[in-house]
Amino acid sequence: MHVTLSINGADRTLDLEPRRTLLDVVRDNLGLTGAKKACDMGACGACTVMVDGRAMYACLLLAVDCTGREIVTIEGLGSQGEADELQRAFLEADAFQCGFCTPGQIMSLRALLDRVPQPSDEQIMQALSGNLCRCGAYRHILRAARMAAGREHAGPVPAQ
Amino acid sequence: MKVRSTRKPSTAPGVIGRRVSRLEGIEKVTGRALYSADVRLKGQLYARVLRSALPHARIRRITTARAEALPGVRVVLSCENAPDIPWYEESRLFDSTVRFAGEEVVAVAADTDDIAQDALRLIDVEYEALPFSCGFDGQVEEPSVQTRGDVERGARAAEVIIDQSYSTPTALHNCMEPHGCTADWNDGALTLYESTQGVFAVRSEVAGKLGLPEQQVRVIAHHVGGGFGSKQTAWKHAVIAALLSRRAGRPVQLMLDREAENLATGNRNATRQQVRLGARRDGTLAFIEARILIDAGAYLAGGEASEVSGIYHTLYRCPNVRTEQRAVRTNAGPAIAFRAPGYVEGAFALESAMDELARALGVDAVDLRLRNYASDDQDKQKPYSSPDSLRRCYAAVTEAFGWKTHRRRDAEKGSKRRGIGFAAHVWPGGAGFPPATACVRLDASGLAHVITGTQDIGTGTRTGLAQIAAEALGFPLERIVFHLGETADAPYAPTSAGSATQATLGPAVQAAAADARRGLLAAAEPLLGEAAGDVLVRDGALLVASKSGKTVPVQDVCEAASAQAIEGRGERGPNPKDRAVRTFGAQCVELEVDIETGDIEIVRVLASHDCGRLVNPMLVDSQVIGGVTQGIGFALSEARRVDARSGTVLNANLEEYKLPTIADVPPIVNAQPDLPDYVANDTGAKGIGEPPIIPTAPAIANALFDAAGVRLRDLPLTRRRLIEALAAQQGDGD
């Protein structure tokens with residue numbers, strides 16, 4: 001069936017099987033491979049995108065249910081390939097290692113920061129509790145979020 | 001020209017030692033980094049694999065006609081039509097007998113992933129079920145025994161003896177990016193975009209399986225979504241994808257789903273360890289003995305061995321040590337190295353037993369370890385290349401933690417109890433696996449291309465090695481372009497395993513950069529009209545300078561020399577013969593436990609690990625924090641569950657296999673001593689990838705005893721186990 005999706009500010013009309021997930025559509029039909037398929041059952045958060053400003057698992061959404069909604073993927077952040085301040089904070093805090101979960105982590109935090117520009121640690125952790133990172137970069141991700149919220153700066157963590 | 005670096009370490013402030021962000025970071029935070037599943041080739045098909053539902057069975061019949069008739073299905077491959085390729089000891093790529101639930105039975109390539117999945121549902125496999133074993137019920141193999149001294153004599157001399165059994169579960173790597181590849185077979189040559197820790201290892205294994213010359217297989221892994229050991233060999237999917245591509249005449253992408261990832265691409269083997277150790281009253285160890293069983297699964301998959309016995313022989317000075325390690329063969333997925341294989345499992349038992357010994361003797365846990373300090377490899381009878389570094393780690397971590405001054409009762413309220421725990425480790429990795437070669441080529445624009453055949457699995461390989469190259473060239477980091485993750489046109493590099501990459505490639509890169517620098521200086525002479533002496537940055541310009549002070553821009557030199565590009569090569573020489581190169585570390589944990597609910601909350605972790613010279617302290621912090629985070633999962637929540645009646649895995653997913661989340665991880669601080677080890681190699685740096693996971697679980701178990709007064713000897717330390725132990729303790733008290 002023909003559906004029109006708003007992805008990163010542009011309307012895209014596609015011929016889709018109703019069973020196709022939003023994740024498969026952005027990755028395979030549109031070639032936006034930033035969102036990752038790591039569990040395909042809503043358990044890890046690597047596929048997180050923003051839908052109408054909320055962080056959602058793209059692997060649990062049917063694309064046909066997303067017509068008329070504003071979808072933003074990691075490719076829609078920043079401008080002209082430049083990183084936004086949250087992405088820069090990830091670089092400075094070394095908030096990733098292998099980078100596979102990173103687009104999802106950033107999209108979850110982007111949704112939080114858009115709603116709550118200066119979140120508490122508790123709000124940050126809640127926003128990220130559905131995003132797994134097997135490399136174990138969580139403490140640096142928390143740091144990056146604090147930096148993006150203007151609460152912390154780059155540099156070594158004191159021993160105590 | 002091949003040379004070894006003679007350049008002495010620079011003490012001037014340079015690029016080494018700086019907290020530089022990852023070179024590839026911008027690609028990762030913008031989603032532009034391409035992993036195996038992100039490859040999109042023209043005409044690419046998608047493949048799926050039907051896997052055995054039974055743990056042990058003979059395949060009677062496979063009926064694929066309905067699948068083959070489905071529009072969009074291009075190739076169906078099984079034991080009935082696949083080439084006969086040996087795999088796993090006596091088995092085959094597609095065997096007519098399956099030996100674990102999850103083993104490959106039929107592969108389908110189709111126009112879309114949806115069609116491939118539909119096709120799998122149309123395949124009928126008739127099995128004849130065979131008896132199976134799981135847990136530790138399987139066939140026990142001959143032991144591997146290692147002995148030093150005489151443990152019976154040691155036991156007679158011991159005044160205090162600890163005799164306990166410990167167990168560790170099967171843990172699943174769960175790299176966020178599952179295993180998988182995109183295979184493109186074209187004109188008799190194969191290009192494989194593979195998520196791997198070893199592009200050269202995969203090239204060699206896949207070429208061997210397919211009967212191709214290695215030069216006709218090209219393996220590419222520019223970005224790898226986690227490794228942790230499970231991606232150090234070529235698994236079946238790579239060869240299956242290649243065969244599908246050959247038959248279809250089109251590229252084929254075969255990514256494993258999470259379930260397959262957790263069934264068929266390795267795991268950390270479960271262990272049972274019966275440990276006896278004893279000491280004299282003064283704390284001097286008299287003997288250590290361990291009887292170890294490991295659950296190896298259905299097949300031996302190769303790669304690094306899980307040597308659980310190793311840590312018993314090397315962590316402490318002890319004249320009498322005996323270990324006996326036996327593999328048990330069960331009908332479960334094969335085990336493979338998982339971050340510090342063997343030592344993680346061994347450390348849990350040994351470091352728990354040492355804590356029990358310290359309490360039995362009434363001495364401090366750290367003092368007991370200092371009393372039994374080892375500064376040499378006692379089996380190999382060689383001094384360590386950094387004999388004092390473990391002592392320095394003990395000092396750094398206990399001071400940063402406040403071990404000696406800690407007052408644990410301060411924060412206790414109601415049913416909450418607090419405790420602290422300590423554990424140490426040694427690790428034979430981190431020394432490097434020679435040989436390796438690196439090449440540094442200056443292009444006409446004055447950029448330095450560092451060309452290696454290694455891969456960056458998320459450890460920061462590009463960045464750490466680029467810092468070495470920049471320093472040896474005298475270039476700013478921005479002038480370095482780092483190449484890795486390709487077998488074509490790249491010099492050989494070993495697999496990223498054994499915490500070896502920085503220590504293996506670093507000296508080769510340093511030597512190649514020094515060689516290229518010599519070439520640059522020589523090429524500058526005709527332009528300067530006299531001998532060149534240095535490379536320097538002045539007013540933002542990168543210059544070659546003569547001794548008398550004349551300068552010429554590096555770019556001009558490179559442009560003039562462009563016809564015969566300036567190039568340097570460097571080789572990684574052997575490790576020292578008369579020293580044992582090891583890495584060491586120690587951790588302190590504080591936790592809080594609720595003795596009514598069994599809730600365990602880690603309050604903080606302090607770590608200190610020796611990795612020689614700190615090339616990039618920020619990346620080292622990330623490795624340490626990440627390792628501790630995985631260690632917390634291993635200690636508290638991770639365990640593969642196998643149903644004993646069906647022989648199937650119950651939690652081969654990320655819903656029920658519990659990885660730590662951001663909410664489970666406390667502040668983790670790396671109190672890192674900078675301990676350059678120039679005996680190990682001439683960069684002074686050693687590896688840090690694996691060690692930080694080793695001592696975390698025993699430090700947590702020791703802190704739990706300190707807090708709650710019960711000793712849990714089986715991982716993970718679940719709420720149920722804790723509640724049962726607390727109830728038993730209460731029962732004993734009544």
Side-chain angles (χ1 to χ4, degrees), chain A residues 17 19-20 24 27-28 31-44 46 73-75 77-78 81 83 86-88 90-92 94-103 106 124-126 128-142 154-160, chain B residues 19 21-22 24-35 37-38 40 112-114 173-178 223-228 255 257-258 399-400 402 457-460 606 617-619 621-623 625-630 653-655 659-663 665 667-671:
Chain A
E17 282 188 66
R19 64 172 167 174
R20 210 148 169 79
D24 284 340
R27 285 184 53 80
D28 297 336
L32 300 171
T33 56
K36 301 302 184 203
K37 186 185 277 191
C39 76
D40 211 18
M41 60 179 276
C44 78
T73 69
I74 187 82
E75 290 87 352
L77 299 191
L86 175 60
Q87 290 168 310
R88 284 200 304 276
F90 264 64
L91 293 173
E92 286 170 27
D94 203 38
F96 55 89
Q97 292 181 35
C98 80
F100 202 76
C101 72
T102 309
I106 289 174
I124 293 168
M125 296 222 244
Q126 190 167 11
L128 291 175
S129 61
N131 290 82
L132 296 175
C133 169
R134 186 49 155 168
C135 297
Y138 296 126
R139 296 305 299 185
H140 283 173
I141 294 171
L142 178 61
V157 181
Q160 281 236 285
Chain B
R19 304 174 69 86
S21 289
R22 291 167 198 261
E24 79 287 5
I26 188 70
E27 293 171 58
K28 288 179 172 173
V29 300
T30 55
R32 293 203 302 268
L34 295 182
Y35 299 79
D38 303 331
R40 297 285 179 271
T112 69
D113 188 37
D114 289 333
H173 300 69
N174 269 314
C175 314
M176 291 308 293
E177 181 195 23
H223 296 286
V224 180
F228 316 122
M255 294 304 299
D257 61 20
R258 183 56 53 185
E399 194 196 322
I457 60 172
T459 50
L606 266 288
M618 182 164 75
L619 297 184
D621 281 355
S622 281
Q623 285 304 303
I625 291 169
V628 170
T629 301
Q630 284 186 353
N653 56 61
L654 291 171
E655 187 72 33
L659 301 184
T661 73
I662 193 167
V665 180
I668 300 165
V669 176
N670 177 26

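Quick note: numbers below take in every heavy atom, side chains included, and nothing from hydrogens, waters or symmetry partners. Here is how names work: the chains are called A, B, and so on, in the same order as the sequence lines, proteins then strands, and each is numbered from 1.
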Review point. Should A:N131 and B:I662 be marked as a side chain to side chain contact (heavy atoms under 4.5 Å, CB included) after you check the CA-CA gap, both sets of side-chain angles, and the distance that decides it?
Key: CA-CA 8 Å; A:N131 290 82; B:I662 193 167; over 6 Å; no
Check your understanding: If you count heavy-atom pairs under 4.5 Å with chain A, which of B:A37, B:G31, B:G460 comes out on top?
Key -> B:G31
Point to revise | Toward chain B, the part of A:I106 with a non-hydrogen atom under 4.5 Å | key: side chain
Practice item. Heavy-atom distances under 4.5 Å only: say whether B:D114 touches chain A with side chain, backbone, both or neither. Key: both
Exercise for review: May I ask you to name which of A:L128, A:T102, A:L142, A:L132 has the most heavy-atom pairs under 4.5 Å with chain B?
Suggested key: A:L132
Review point. Which bit of B:P617 is near chain A, if near means a heavy-atom gap under 4.5 Å: side chain, backbone, both or neither?
Key: neither
**Study point:** With B:P667 via side chain to side chain contact (heavy atoms under 4.5 Å, CB included) - residues at least two apart
**Key:** A:R139
Study note, to complete from the structure: Across all chains, not counting sequence neighbours, the side chain to side chain contact (heavy atoms under 4.5 Å, CB included) partners of A:Q126 are none
Review point. Which bit of A:R88 comes within less than 4.5 Å of chain B, counting heavy atoms only: side chain, backbone, both or neither?
Key: neither
Revision key, fill the gap. Of the listed B:P660, B:S622, B:G627, the one with the largest count of heavy-atom pairs under 4.5 Å with chain A is B:S622
Practice item. Would you mind telling me which of B:P178, B:S21, B:A663 has the largest number of heavy-atom pairs within less than 4.5 Å of chain A? Key: B:S21
Check your understanding: Is chain A contacted by the side chain of B:V224, its backbone, both, or neither, given a heavy-atom distance below 4.5 Å?
Key -> backbone
Practice item. I would like to know whether A:E75 and B:R32 meet side chain to side chain contact (heavy atoms under 4.5 Å, CB included); could you show each step before the answer? Key: CA-CA 8 Å; A:E75 290 87 352; B:R32 293 203 302 268; over 6 Å; no
Check your understanding: Checking salt bridge (charged side-chain N to carboxylate O under 4.0 Å, His left out) for the pair A:D40/B:R258: CA distance, chi angles, key distance, verdict?
Key -> CA-CA 8 Å; A:D40 211 18; B:R258 183 56 53 185; over 6 Å; no
Review point. Measuring heavy-atom distances to chain A, does B:L34 have an atom under 4.5 Å in its side chain, in its backbone, in both, or in neither?
Key: side chain
Check your understanding: Salt bridge between B:D38 and A:K36, side-chain N to carboxylate O under 4.0 Å?
Key -> yes
Revision key, fill the gap. Whatever's closer than 4.5 Å to a heavy atom in chain A on B:T661 counts as both
Practice item. Report the C-alpha distance between B:R22 and A:F96 in whole Å, list the side-chain angles of each, state the deciding distance to 0.1 Å, and finish with yes or no for side chain to side chain contact (heavy atoms under 4.5 Å, CB included). Key: CA-CA 10 Å; B:R22 291 167 198 261; A:F96 55 89; 3.5 Å; yes
